[in-house]
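Report on one structure; see the data block that follows.
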Amino acid sequence: RRRRDALADDLVPRATAALKTAIGSYSAGRASFQDLISLEQRLLQLQLEQAEATAAQVRARADLDWLLGRSLVAASTTEIAPPAPTEVSK
């Protein structure tokens, strides 16, 4: 859960901001296309890690619910939300 929270609260927002800055720099001729691609790849990697961490937490919760004999239908209303898509404006 800590990794998922770090990704959602810190790493993904910082990578998004870095990409937005790089887009502005590229538009002004101060950054290369390779810079943009590298930052976008990093952002996508972090978003994938965030989704995987969320999925692992949901699976762990489902396993725990199953072991405790709780209904998975009731467990589907947990506080775990999927990561929101990140939009980068140009």
Side-chain angles (χ1 to χ4, degrees):
R1 180 177 187 169
R2 282 186 231 143
R3 178 69 176 161
R4 183 180 62 90
D5 290 345
L7 285 160
D9 298 338
D10 183 40
L11 299 173
V12 169
R14 284 192 316 165
T16 302
L19 180 58
K20 286 180 181 179
T21 299
I23 289 170
S25 295
Y26 177 75
S27 296
R30 295 187 311 264
S32 70
F33 186 69
Q34 181 61 42
D35 293 336
L36 289 180
I37 296 300
S38 294
L39 288 169
E40 182 143 27
Q41 285 176 325
R42 179 66 180 144
L43 176 58
L44 291 171
Q45 181 61 40
L46 290 170
Q47 289 172 328
L48 177 60
E49 288 179 36
Q50 183 180 8
E52 288 171 343
T54 299
Q57 187 174 2
V58 169
R59 278 192 304 274
R61 175 68 187 263
D63 289 345
L64 181 60
D65 285 344
W66 181 80
L67 288 170
L68 296 175
R70 291 190 276 200
S71 169
L72 292 178
V73 173
S76 68
T77 60
T78 64
E79 71 283 352
I80 302 170
T86 305
E87 186 174 313
V88 178
S89 60
K90 296 181 180 180

Query raised in the report: Does the side chain of Gln50 come under 3.5 Å of the side chain of Arg4 through a donor N or O and an acceptor N or O?
Result: no
Query - Short side-chain donor-acceptor distance under 3.5 Å, Ser38 and Gln34 - result: yes
Report task. Please report the closest heavy-atom contact between Ala15 and Leu46, naming both atoms and the distance. Result ->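 Where Ala15 meets Leu46 most closely, the heavy atoms are CB-CD1, 3.6 Å.
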Report task. Grab the two heavy atoms, one from Ala22 and one from Ala31, that are nearest each other, plus how far apart they are. Result -> O-CB, 4.1 Å
Nearest 0.5 Å, what's the [atom1]-[atom2] distance between [X] and [Y]?
X: Glu52; Y: Gln57; atom1: CD; atom2: CD; answer: 14.0 Å
X: Gln45; Y: Leu7; atom1: CD; atom2: CG; answer: 10.0 Å
X: Asp5; Y: Leu11; atom1: CG; atom2: CG; answer: 11.0 Å
X: Ile37; Y: Tyr26; atom1: CD1; atom2: OH; answer: 9.0 Å

Query raised in the report: Can you check whether Arg70 reaches Leu64 side chain to side chain, under 4.5 Å on heavy atoms?
Result: yes
Query raised in the report: If only atom types and distance count, is the side chain of Asp35 paired as donor or acceptor with the main-chain N or O of Ser32 below 3.5 Å?
Result: yes
Report task. Report the residue from Leu43, Leu44, Leu36 that forms a side chain to side chain contact (heavy atoms under 4.5 Å, CB included) with Glu40. Result ->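 Considering Leu43, Leu44, Leu36, a side chain to side chain contact (heavy atoms under 4.5 Å, CB included) with Glu40 is found only for Leu44.
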**Report entry** Salt bridge flag under 4.0 Å for residues Asp65 and Arg61
**Finding:** yes
